[in-house]
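Sequence positions, counted from 1, serve as the residue numbers for this chain.
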Amino acid sequence: MVSDSLWIWLTLGAVGFQTLRNAMHRVAAATLPVASATTVRFIFALPFAAAFFAAVLAGTGRPPLAPTPGFVGFVILGAVVQTLGSGLMLLAMRERSFVVTIALTKTEPIQVALFGFVLMGERVGLGDLAGAALACAGVLTLILATGHAALGRTSVRPALLGLAAGGLFGCAAVAYRAAMLSLPEGPFFVRASETLLAALTLQAALMILWLRARQPGALSRMVSQWRLSLGVGGAGAIASQMWFAAYALQSATLVSILGLTEVIAANIASARYFREPPTRAEWTGIALLVAGVALALAD
């Protein structure tokens, strides 16, 4: 049924827009300090998220859902760890190729399964775990395929940054799903939009306070690059809206496994825009990744 597969289409749409956002984010990170580049993602996505939420409320003719203490706590957790993960990802991107950094952050499904069990008591089947393991093996193959060029010649610092970012993103995914499920009963797209707007509002406020205290003048530099910043914010807001809607419909573990297809999209973007075409060994990693995703979805 369409309703049963909707989370799949939402996740794939999120993958496409997130790849676009990350590519533009990489360009922004090359000209702005890491904290400023991280802030771009949240500040310029906020107006789009507010518009989405207003449209959803107007379309349904209902008021916002009343936030619960659990909702507030999980939104704070998700917003903080996602912000930290974004900063670590941009640091890794400065030192390694676009596709390798995305691959490193996508070692998250096993971590998501663990966070899901700890925070929400969600259990996953053996087929899901096997698919996640196979997909992660594909991601690791991608990393090793560029090993001497990407990791071995200097240090493992970028790899550690990417892996840490993946863990933080995994924790954020579970926290956001828990936040949505903590809201009163309502349509999934209302819960998704309300959670996204709350998270982005908190993230934008935190980063603005940080920049004003630590990097005076950073906000004006971001505004001077408003075209790129709006592109990052718009693509990111659409991607986040789709991710959150998918999390509202399906377990964060399955969504994150399907989200591994972002590595494929990153390969395409790397070859097309950054002139970093995949090698034969990288295609092997992609094949393992696709097989793992297929196994998890078939379970």
Side-chain angles (χ1 to χ4, degrees), residues 3-15 17-18 42 45 49 52-53 56 64-86 105-125 128-129 131-132 135 165-203 236-262 293 296-297 299:
S3 57
D4 295 333
S5 62
L6 181 57
W7 72 272
I8 295 176
W9 297 111
L10 287 168
T11 302
L12 293 176
V15 163
F17 280 102
Q18 182 157 298
F42 303 123
F52 294 156
F53 188 47
V56 165
L65 300 174
T68 63
F71 172 81
V72 174
F74 282 122
V75 165
I76 292 174
L77 173 61
V80 171
V81 297
Q82 185 184 30
T83 302
L84 294 174
S86 298
T105 65
K106 286 301 178 181
T107 53
E108 68 186 67
I110 299 298
Q111 301 175 74
V112 169
L114 177 61
F115 287 127
F117 177 73
V118 172
L119 293 178
M120 302 179 61
E122 285 189 341
R123 298 179 182 272
V124 294
D128 295 336
L129 288 176
L168 291 171
F169 289 149
C171 181
V174 174
Y176 287 144
R177 173 167 166 77
M180 283 181 270
L181 296 181
S182 298
L183 285 170
E185 199 65 33
F188 76 91
F189 46 86
V190 174
R191 286 183 280 130
S193 296
E194 186 164 338
T195 304
L196 174 60
L197 180 58
L200 283 174
T201 300
L202 176 59
Q203 289 167 325
I238 296 172
S240 295
Q241 185 71 43
M242 291 182 170
W243 282 123
F244 278 47
Y247 292 142
L249 291 170
Q250 186 54 268
S251 77
T253 300
L254 278 177
V255 173
S256 68
I257 292 173
L258 182 57
L260 288 171
T261 53
E262 185 183 347
V293 171
L297 296 180
D299 184 47

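Taking CG of Leu10 as the reference point, atom CD of Gln250 lies at 11.5 Å (rounded to 0.5 Å). Between atom CG of residue Leu196 and atom CZ of residue Phe189 there is a gap of 15.0 Å, rounded to the nearest 0.5 Å. Note that CG of Leu200 and CD of Gln82 are 7.5 Å apart. Values are rounded to the nearest 0.5 Å.
The two residues Ser86 and Phe42 come nearest to each other via the heavy atoms OG-CZ, 3.9 Å. Contact record, Val255 with Ala246: CG2-O, 3.8 Å, taken as the closest heavy-atom pair. Here the closest non-hydrogen pair linking Trp7 and Leu254 is CZ3-O, 3.8 Å. Heavy atoms only, all atoms of each residue included: Gly259 and Trp243 are closest at CA-CH2, 3.8 Å. Nearest approach of Val75 to Ala179, heavy atoms of both residues: CG2-CB, 3.8 Å. Residues Ala165 and Gly85 approach most closely at CB-O, 3.5 Å, considering heavy atoms.
Applying the side-chain contact (heavy atoms from CB on, under 4.5 Å) criterion to Val80, with sequence neighbours excluded, gives Ile76, Leu84, Leu206. Partners of Tyr176 according to the ring pair (Phe, Tyr, Trp, His ring centres under 6.0 Å) rule, which considers only residues two or more places apart in sequence or in another chain, are Phe244. Scanning for side chain to side chain donor-acceptor pair (under 3.5 Å) contacts around Gln241 gives Ser193, with sequence neighbours left out. Under the side-chain contact (heavy atoms from CB on, under 4.5 Å) criterion, Phe17 pairs with Ile238, Ala239, Met242, sequence neighbours left out.
You'll find the side chain of Leu65 stays beyond 4.5 Å of the side chain of Phe71, heavy atoms only. Side-chain contact between Tyr247 and Thr195: absent, with no pair of heavy atoms (C-beta onward) separated by less than 4.5 Å.
The backbone N or O of Gly186 sits less than 3.5 Å from a side-chain atom of Arg191, completing a donor-acceptor pair.
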